[in-house]
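Only this structure's heavy atoms are used, side chains among them; waters, hydrogens and symmetry mates stay out.
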Amino acid sequence: MSTGGYSYPAAISRLGSNEGSREPQNTRAIKWLLEQDGGEVVVVTPQKNFEGSSLRKLIAHPQVRHLSWKGFSAWSLHGTRALVAWPNRKILNGLWDADADALAIIEWNENETAEWIDDARPVVLLPGVTRAHQATEAEEPDVPLPNGIDDIIEHVANMAAGYDSGLKWNEKDKLRADMMNRPDRWRDVTVEQVRAKCRALGMRPDDVDTITGYLQKRKDGKRFNVRTSYSTFQFN
């Protein structure tokens, strides 16, 4: 994903430095979305009850569908023009499989949206200006990883690409077993390096978080319970 962004129009509306209210931020996202071609309009908010007069007005339209985070699935955005308000990292990760006609995000916290922006490469909606995506250091070419880790991550990425839902349990067990059985292999690589490699290969955000989460736990001294069939497994 980091190689080319989403295949459909995407935008993120950010709060302006001099804006005392989030209402203009909401309005920018709505205006941009309604200008895009596509199917029905769907609005996703954390809860059914929220503040924001422009969003409430939009949702009140009989042809607009309103969803909350509870039970939310990105599949419900397929073929729609979707506006997702104030998402956290988990919601943003799930948008990988949205396959919308257009997607607008109303940002709440820049820390939550940073990686999504690098992956989706949306236009940025600011007061009085629509700015094209600007590359960050995270998108620079990744540095080769030592001890065969490059090959391992590439293998795992290829396997995950063949599954609609990302990494399967056996691939996860293989990774955890190798990290347990070959601590020397993983000792000198950082979590940030592995994250950059996974993202450069276009892995699903949830899978990136899973792999780097395993490595962080090992560096924190934690051990894994791996199924007996893979307890002694090591990558070549």
Original post:
Which pairs pass ring-ring contact (aromatic ring centres under 6.0 Å, His included) with one or both residues in residues 204-227, sequence neighbours excluded?
Top reply: Y214-F224

Partner residues of [X] under the salt bridge (charged side-chain N to carboxylate O under 4.0 Å, His left out) criterion, sequence neighbours left out:
X    : value
D184 : R182
E110 : R14
K217 : none

Original post:
Among all residues two or more places apart in sequence or in another chain, which pass the side-chain hydrogen bond (donor to acceptor under 3.5 Å, both in side chains) test with Q234?
Top reply: none

Over all heavy atoms of both residues, which pair between [X] and [Y] is shortest? Give the atoms and the distance, please.
X    : Y    : result
F235 : R185 : O-NH2, 2.8 Å
S68  : P46  : CB-O, 3.9 Å
L215 : T190 : CD2-O, 3.9 Å
Q36  : A102 : CB-CB, 3.7 Å
C198 : I153 : SG-CG2, 3.8 Å
P87  : L92  : CG-CD2, 3.6 Å

Heavy-atom count around [X] [atom1] within 6.0 Å, excluding the residue itself: above 12?
X    : atom1 : value
W169 : CH2   : yes
H78  : NE2   : no
K48  : NZ    : yes

Separation of [Y] [atom2] from [X] [atom1] (nearest 0.5 Å):
X    : Y    : atom1 : atom2 : value
S7   : D99  : OG    : CG    : 6.0 Å
T113 : N88  : OG1   : CG    : 11.5 Å
T45  : R56  : OG1   : CZ    : 9.0 Å
L95  : K90  : CG    : NZ    : 13.0 Å
N26  : K57  : CG    : NZ    : 14.0 Å
I91  : W116 : CD1   : CH2   : 13.5 Å

Original post:
Heavy atoms, side chains only, cut-off 4.5 Å: are P24 and R28 in contact?
Top reply: yes

Original post:
Can you tell if the side chain of I152 reaches within under 4.5 Å of the side chain of N147, non-hydrogen atoms only?
Top reply: no

Original post:
Are E40 and R65 within salt-bridge range, i.e. N to O under 4.0 Å?
Top reply: yes

With [X], which residues qualify under side-chain contact (heavy atoms from CB on, under 4.5 Å), at least two apart?
X    : answer
N109 : N111, E112
N170 : K168, Y230
L15  : E19, R22, Q25
E115 : R89, R195, R199

Original post:
Hey, any chance M159 and L201 share a hydrophobic cluster, counting ILVMFWY side chains that come within less than 4.5 Å of each other, even indirectly?
Top reply: no

**OP:** Spell out, yes or no, whether V129 and V124 are grouped together once hydrophobic residues are joined by side-chain heavy atoms under 4.5 Å, including indirect joins.
**Re:** yes

**OP:** Output the rest of the hydrophobic cluster of W86: all Ile, Leu, Val, Met, Phe, Trp and Tyr residues reachable through side-chain heavy-atom contacts under 4.5 Å, sorted by chain and number.
**Re:** I30, W32, L33, L34, V41, V43, F50, L55, L58, I59, V64, L83, I106, W108, V123, L125

Original post:
What's the verdict on side-chain contact (heavy atoms from CB on, under 4.5 Å) for S76 and L67, showing C-alpha distance, side-chain angles and the deciding distance?
Top reply: CA-CA 9 Å; S76 61; L67 305 174; 3.5 Å; yes

Subject >> Pairs where residues 218-236 contributes a residue and the test salt bridge (Lys or Arg N to Asp or Glu O under 4.0 Å) is met, not counting sequence neighbours >> reply: D173-R227

Original post:
Run the side-chain contact (heavy atoms from CB on, under 4.5 Å) check on K70 and Q47 step by step: do they pass?
Top reply: CA-CA 8 Å; K70 185 177 182 180; Q47 298 176 337; over 6 Å; no

Original post:
Listed by chain and number, what are the ring pair (Phe, Tyr, Trp, His ring centres under 6.0 Å) partners of Y8, not counting sequence neighbours?
Top reply: Y6

Donor-acceptor pair, distance only, cut-off 3.5 Å: does the side chain of [X] make one with the backbone of [Y]?
X    : Y    : value
D178 : K174 : no
N181 : F233 : yes
R204 : A160 : yes
D207 : G166 : no

Original post:
What's the verdict on side-chain contact (heavy atoms from CB on, under 4.5 Å) for I105 and L103, showing C-alpha distance, side-chain angles and the deciding distance?
Top reply: CA-CA 7 Å; I105 299 295; L103 173 66; 4.2 Å; yes

Original post:
Is there a donor-acceptor contact under 3.5 Å linking the side chains of S13 and E107?
Top reply: no

Original post:
Passes side-chain contact (heavy atoms from CB on, under 4.5 Å), D101 versus T80? Steps please.
Top reply: CA-CA 5 Å; D101 288 337; T80 72; 6.0 Å; no

